[in-house]
Amino acid sequence: MSELYIRVAEEENEEPMEIPSEDDGTVLLSSVAAQFPGACGLRYRNPETQCMRGVRLVEGVLHPPENDWGNLVYIVNYPKDNKRKMEEIDAASVVKIKRGFQKTSDLIVLGLPWKTTEQDLKDYFSTFGEVIMVQVKRDAKTGNSKGFGFVRFTDYETQTKVIAQRHMIDGRWCDCKLPNSKVGWARLYHPMRSRKIFVGRCTEDMTTDDLRQYFMQYGEVTDVFIPKPFRAFAFVTFADDQVAQALCGEDLIIKGVSVHISNAEPKHNNIHQLFPNFPGGSASLAAMFDRSQYHFPSSHV
DNA sequence: GTTGAGCGTT
């Protein structure tokens, strides 16, 4: 007969947790790992010999000793007894999440059929997970599709899955990638702890109040500047430079539109002064700037 | 009224 639960703990003197067994009396390693991430097996102290014994593990299934789990407390095994390492990894992922590395980005969708609409994209990608935004890029005059678009998901896991595979959309194979505007080097090599961000791809209906209202959620906003006449970008200044820096590289949805946040820089900043020790020389970095998609405003300092 | 590697702005 089977137990409903067995008792499992990380150490002998710690409080055990009840882990469900299967109908045949076995316990799945995955059930253990669900409560003890990184677990690779179980052991227990043999009451007769007082020695630790391993629990038989076959293809992810833990088998009860003597066909009965009894009333023992089982201890979790970690790889190479590397429990400390596991805790460090856990801590690292928490930091990652807190720092927002798990936030989703817009993905570029390459190779779309000319006929594919945003509704088609939404329908297709919704099968992977919740979709925040889809776009099909079109010629402004003719309205014809340019054959690529963008998609943004709620969950990072969904994004990872979508990037990892090819997509058959309306009869063509398409690829989803992180767009070049997010390669990340600008973020890594940007030491100017500016309090001001550059908000690209603004639409004309975005007012200073809209932007202020939106960016307030991240921290105190001290200034919003929108060039007139309309130039499809804006500047937002925060009281805290860390807030500004944290937003750089992000794609944010404002009034249903994906805007791109980057560092606000005066155009005529001397790159050789900013990066005197850049690997390969500051000239190579200047070339990267030139080739990049980053456009810095010319009239605002 | 076309096209098929790329990179988002009225």
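A note on names: the letters A, B, ... follow the listed sequences, proteins ahead of strands, and every chain is numbered from 1.
Straight-line distance from the CZ atom of A:Phe198 to the C1' atom of B:dG8: 13 Å, rounded to whole Å. A:Leu211 has its CG atom 14 Å from the C1' atom of B:dT9, to the nearest Å. With rounding to whole Å, A:Phe148 atom CZ is found 18 Å from B:dT3 atom P. With rounding to whole Å, A:Leu110 atom CG is found 11 Å from B:dG8 atom P. Put simply, CG on A:Leu178 is 17 Å from P on B:dG6, counting in whole angstrom units. We find that CG of A:Asp175 is positioned 11 Å from C1' of B:dA5, with the value rounded to whole Å. Atom CG of A:Asp139 and atom P of B:dT10 are 11 Å apart (whole Å). In this structure, A:Asp251 places its CG atom 13 Å from P of B:dT9, rounding to the nearest Å.
Looking at A:Met133 and A:Ile253, their side chains come closer than 4.5 Å, going by heavy atoms from C-beta outward. Looking at heavy atoms from C-beta onward, A:Gln159 lies in side-chain contact with A:Leu178 at the 4.5 angstrom threshold.
A:Ser258 comes within 4.0 angstrom of a nucleotide base, judged by non-hydrogen atoms across all strands. A:Pro229 comes within contact range of no nucleotide atom at all, as no heavy-atom separation falls under 4.0 Å. Residue A:Gly200 is out of contact with every strand shown, counting any heavy-atom pair closer than 4.0 Å.
Which of B:dT10, B:dG4, B:dG8 sits closest to the side chain of A:Arg172 comes down to B:dG4. Checking B:dG8, B:dC7, B:dT9 against every side-chain atom of A:Asn180, the shortest atom distance belongs to B:dC7. The side chain of A:Phe230 lies closest to B:dT10 when the candidates are B:dG8, B:dT10, B:dG4.
If you find the closest nucleotide of DNA chain B to A:Ile108 and to A:Leu112, the one lying nearer the 5' end belongs to A:Leu112. Of the two residues near DNA chain B, A:Lys146 and A:Arg138, the one whose nearest nucleotide lies more 5' is A:Lys146.
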Derivation and outcome, ring-ring contact (aromatic ring centres under 6.0 Å, His included), residues A:Tyr218 and A:Phe238: CA-CA 9 Å; A:Tyr218 298 107; A:Phe238 291 94; 7.1 Å; no
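Once the 5.5 Å centre distance and the 30° plane angle are applied, the aromatic ring of A:Phe150 is found stacked with the base of B:dG8. The ring of A:Phe233 does not lie on top of the base of B:dT9; it is either too far (5.5 Å or more) or too tilted (30° or more).
No hydrogens or angles were tested; on distance alone, a donor-acceptor pair under 3.5 Å links the side chain of A:Asp106 to the base of B:dG8.
Counting only N and O atoms by type, the side chains of A:Asp209 and A:Thr207 include no donor and acceptor under 3.5 Å apart.
The one candidate from A:Val131, A:Asp170, A:Val136 that meets the side chain to side chain contact (heavy atoms under 4.5 Å, CB included) condition with A:Leu121 is A:Val136.
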